[in-house]
Number of protein chains: 2
Amino acid sequence: MQTVIKKFKKNLQEENLKSTPQRLAILEEMMKTDEHLECEEILLKLKEKGNKVSRATLYRTMDILVKYKFVRKLEIGDGRVRYDSNLVHGKRNHDHMICLDSGDIIEFYNDKIEKLQNEIAEKNGYKIIRRVHQLFVKKV
Amino acid sequence: MQTVIKKFKKNLQEENLKSTPQRLAILEEMMKTDEHLECEEILLKLKEKGNKVSRATLYRTMDILVKYKFVRKLEIGDGRVRYDSNLVHGKRNHDHMICLDSGDIIEFYNDKIEKLQNEIAEKNGYKIIRRVHQLFVKKV
DNA sequence: TTCCTTGCAAAACATTTGCATGGGT
DNA sequence: ACCCATGCAAATGTTTTGCAAGGAA
């Protein structure tokens, strides 16, 4: 995982941003979890481990991590923003199934849907930059 | 369209809610537009027509309209909540393509994706209650 | 007459921002 | 030494809520 940290430092450097203990602590925290964490949860985890990071810095840093695609912002419409790490076992493209009873978030991926999406965009003269696909479900 | 108003009144009655001028004005406003309106825009439109509705009532009523599926809440991740009317020319199932350059919101529907989604849910022991599918695009 | 509904203003909430201080490079 | 980053607290923007007054049923 050293490579991820290296990449992050390089990314920062390229924009004249500085490699600070706070930014690294946040990155490392996001590397450790495959949950979908809210800002407050991330803040709490950091605090528990003795890493003091202010709320303002957390918010500012999450924007950076999103920009570099280390994490993805996940909004399921309940007013809480969650972050989905792209750093754990190299996961990238996936969408979410949200159980309305348990609140569980299950990831899914389907190649055919992927292709159909691209066709739809193309047909309209567009290309897809990003997408959100969420299924709100209940147990049968 | 009288039937929609009738249905609304019936829905209200069934929950011991009252049919008030404010609630009806909001419903009628949503029947007239096929845009994706924000709360402030709806409020403005109502005011322009001389219908005085307070912000609090608007928010409270939109929740009711969502519950009865007269409108759909649309969140495209820019921090603004929009409402998508289900009352205009009987549109129901559709998803959204959002142009990152112009901000345009284009509606789309694809039967195959629909089927694939159902299969995915089923395979995991779930049934789909609601879904969000958004493609963020740019012109080719 | 009974409650539900409204409107106002205050509260709540998440996020952003200004600014003085601190810290990478 | 330069200038970016941090932390705090204040500001922001949106949505929610408590409460007194008004209005359907």
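For A/Leu17 and D/dC2, the CG to P distance is 21 Å, given to the nearest whole Å. Whole-Å rounding puts the A/Tyr83 OH to C/dA14 C1' distance at 11 Å. In this structure, CG of B/Leu43 is placed 14 Å from C1' of C/dC8, rounded to the nearest angstrom. Going from atom CZ of A/Arg55 over to atom C1' of D/dA10 covers 14 Å, rounded to whole Å. Look at CG on A/Leu58: it is 14 Å from C1' on D/dA5, rounded to the nearest Å. Regarding B/Arg80, its CZ atom lies at a distance of 17 Å from the C1' atom of C/dA14, rounded to whole Å. We find that CD of B/Glu15 is positioned 15 Å from P of D/dA25, with the value rounded to whole Å. The distance from atom CG of B/Asp78 to atom C1' of D/dG13 is 13 Å, rounded to the nearest whole Å.
Comparing B/Ala56 and B/Lys18 against DNA chain C, the residue whose closest nucleotide sits nearer the 5' end is B/Lys18. Nearest-nucleotide assignment on DNA chain D puts the 5′-proximal partner with B/Lys73, out of B/Lys73 and B/Gln13. Nearer the 5' end of DNA chain D, as judged by each residue's closest nucleotide, is the contact made by A/Thr57, out of A/Thr57 and B/Val81.
Residue B/Glu40 is classed as having no contact, given no heavy-atom separation below 4.0 Å to the nucleic acid.
Below 30°, between 30° and 60°, or above 60°: for B/His133 and A/His133 the angle between ring planes is below 30°, a parallel geometry.
Here B/Thr20 reaches the OP1 or OP2 of C/dT6: one of its side-chain N or O atoms lies under 4.0 Å away. OP1 or OP2 of D/dT6 has at least one side-chain nitrogen or oxygen of A/Arg23 nearer than 4.0 Å. Phosphate contact (OP1/OP2 of C/dT15, side-chain N/O of A/Tyr59, threshold under 4.0 Å): present. Using a 4.0 Å cut-off, no side-chain N or O of A/Gln22 falls inside it from OP1 or OP2 of C/dG23.
Side chain to side chain, A/Glu107 and A/His36 meet the donor-acceptor criterion of an N or O pair below 3.5 Å. When only modelled atom types and interatomic distance are considered, B/Tyr68 and B/Glu15 share a side-chain donor-acceptor pair under 3.5 Å.
The side chain of A/Pro21 lies closest to C/dG24 when the candidates are D/dA24, C/dT15, C/dG24.
A salt bridge does not link B/Glu28 to B/Lys49: none of the charged side-chain nitrogens sits closer than 4.0 Å to a carboxylate oxygen.
Cation-pi contact between B/Lys73 and B/Tyr83: absent, since separation from the ring centre below 6.0 Å together with deviation from the ring axis within 45° is not met.
If you check distances only, the side chain of A/Arg60 does reach the base of D/dG7 with a donor-acceptor pair under 3.5 Å.
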